[in-house]
Amino acid sequence: MILPDPQTILAELATCTTEDQLKDFFSTYLGKKGSVNGLFKQLKDLSPEEKKTKGQEIKALFDSVNNAFMSQQDEIKRAYRDQKLSEEIVDISTPSNPLPLGHANLQNQLRRTVEQIFQGMWFHIEYGHDLVDTFENFSSVNIPPTHPATEMHDTLYVNGESKEWQKLMMRTHTSAHQNELIRKYGPACKIMIPGKVYRNENLDASHDVAFWQVEWVVIDKWLSIGHLKGMMEQILQGILETDQVELRLRPAYFPFVEPGFEIDAKAQVWGKDKRLEILGAGMIHPSVLEQAGVDPNEYSGFAFGLGMTRLVAIRYGLSDIRLLTNGDLRFAKSF
Ligand code: FA5
């Protein structure tokens, strides 16, 4: 029996560079039908003496080829892993592209500033909820459902089957929360109610279907129109941060106050000077106080409802309030 030259086999092994080539090599020499492995089967035809010497030679040959195969296999796997690692490596020290940082809507910015001012003056801040019932929005503030005043606000009602659902509506003003909050805190109390309100309006530069109002309600003994006027001026000066804005106060009708006022501010709308109505206010009507469980003979109160969206437009010199919500990035980025 002549054994093959190990150097020739090892030289062939050295040419294997892929796992597939290694597999072929294994089945040619070391597998069940491989030629080196097959030498063991030939031992059975030899004499016991030859078996011993040839057996040792075959074993030595098999071991040397097998060991070389194993280290070649390790080498190919390591090279493959190194190549993958170098291709897929993530360098966590590389500086990333900075994400552009946005900012809060101008309405929210101003609302938060105003909230902080009034929190510091011990006002309770309440947001209510956008969906209210007709009692809260109308009856609780002295507007019976049949009253023509319900038509002052083009109301968005909930389109529901049941009677309960039919009573639900999107609040048309933050005054909808006066009754429940006066019950909750008063008398005496100081409450601020920022909130989004909804009206079925024809849209233009100063009218939107959803806009922000902020309501202030103050109830105490001996409150007068003097207090109302003083506070109203302070609020507007604080928010507008200028005395350049021309304000006009005129008597107005709101069923839940007596007397009532409206405040207009001069502003540029569509390139023209216009007076924009920004605030409704008045001394709270005795029957609204009574509804909320407060004795009007002992206490009085005043309330304002500020059109926050319009005021923001005036504050930042915008010609159209819809710029605040139409999602135009050129506008958003200019602040
Ligand atoms: C009211 O909503 C009263 N609840 C305000 C009030 C509160 C009066 C407390 C007395 C006492 P009015 O409908 O006028 O009032 O709305 C108040 C403000 O909301 C207006 O002055 C105006 O600035 C703003 N506003 C009204 N309609 C719109 C609209 N469609 N788009 C943007 N702002 C509006």
Side-chain angles (χ1 to χ4, degrees), residues 106-107 110-111 128 132 136-138 140-143 147-156 169-179 181-182 191-219 223 225 227-229 231-232 235-236 239-240 245 247-267 269 274-289 292 300-315 318 320-326:
L106 297 180
Q107 299 182 87
L110 200 56
R111 176 177 60 78
V132 293
E136 291 174 287
N137 201 82
F138 294 129
S140 78
V141 281
N142 214 19
I143 312 175
H147 196 286
T150 55
E151 281 159 34
M152 277 162 51
H153 307 168
D154 284 318
T155 307
L156 295 162
M169 53 177 286
M170 304 304 288
R171 64 180 169 200
T172 61
H173 57 172
T174 41
S175 304
H177 302 294
Q178 280 190 13
N179 179 281
L181 294 175
I182 293 172
I191 311 163
M192 174 177 163
I193 317 160
K196 221 170 179 183
V197 302
Y198 305 84
R199 296 182 192 178
N200 182 22
E201 299 264 23
N202 290 325
L203 303 185
D204 64 26
S206 57
H207 291 84
D208 211 341
V209 280
F211 57 96
W212 279 89
Q213 281 191 343
V214 184
E215 185 105 357
W216 285 269
V217 176
V218 180
I219 297 185
L223 285 182
I225 295 179
H227 296 110
L228 167 106
K229 197 163 168 284
M231 189 172 147
M232 211 152 59
I235 289 175
L236 291 174
I239 295 177
L240 294 168
V245 181
L247 298 176
R248 182 176 70 180
L249 193 136
R250 58 192 163 80
Y253 170 66
F254 298 99
F256 36 94
V257 290
E258 179 57 42
F261 306 99
E262 222 152 41
I263 290 199
D264 304 326
K266 212 173 188 182
V269 178
K274 220 184 137 184
R275 287 194 179 274
L276 278 188
E277 185 195 310
I278 52 168
L279 190 119
M283 299 302 292
I284 300 177
H285 199 286
S287 57
V288 173
L289 289 176
S300 52
F302 56 79
F304 324 116
L306 173 70
M308 192 67 174
T309 306
R310 280 191 193 167
L311 200 72
V312 169
I314 292 171
R315 164 90 158 69
L318 313 180
D320 191 320
I321 60 169
R322 292 167 297 179
L323 285 168
L324 292 164
T325 46
N326 69 4

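Both ligands and their constituent atoms are indexed starting at 1 by order of listing.
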(Q) Under 3.5 Å between any N/O of D208 and any N/O of ligand 1: does that happen in this structure? (A) yes

**Q.** Inter-residue atom distance Y198.OH - R171.CZ, 0.5 Å rounding
**A.** 7.0 Å

Q: Flag T172 as yes when one of its N or O atoms lies below 3.5 Å from any N or O atom of ligand 1, and as no otherwise.
A: no

**Q.** Heteroatom distance test (E201, ligand 1): nitrogen or oxygen, under 3.5 angstrom
**A.** yes

Q: Please determine if F211 has a nitrogen or oxygen closer than 3.5 Å to a nitrogen or oxygen of ligand 1.
A: no

Q) Does even one non-hydrogen atom of S206 get within less than 4.0 Å of ligand 1? A) yes

Q: May I ask you to check whether H173 and F254 place their ring centres under 6.0 Å from each other?
A: no

Q. Of the listed options (P255, G307, A205, A303), which comes nearest to atom 11 (C) of ligand 1 when hydrogens are ignored and any heavy atom counts?
A. A303

Q. Does G260 have a heavy atom less than 4.0 Å from any atom of ligand 1?
A. no

Q. Counting heavy atoms only, which of R199, M283, R322, R310 comes nearest to atom 12 (P) of ligand 1?
A. R199

Q: Compare every heavy atom of F256 with every heavy atom of S175, then report the nearest pair and how far apart it is.
A: OG-CE1, 3.7 Å

**Q.** Candidates R310, R275, K274, R250 - the one meeting salt bridge (charged side-chain N to carboxylate O under 4.0 Å, His left out) with D264
**A.** R250

Q. Do any heavy atoms of T309 fall under 4.0 Å from ligand 1?
A. no

Q: Please verify whether a non-hydrogen atom of F302 lies at under 4.0 Å from ligand 1.
A: no

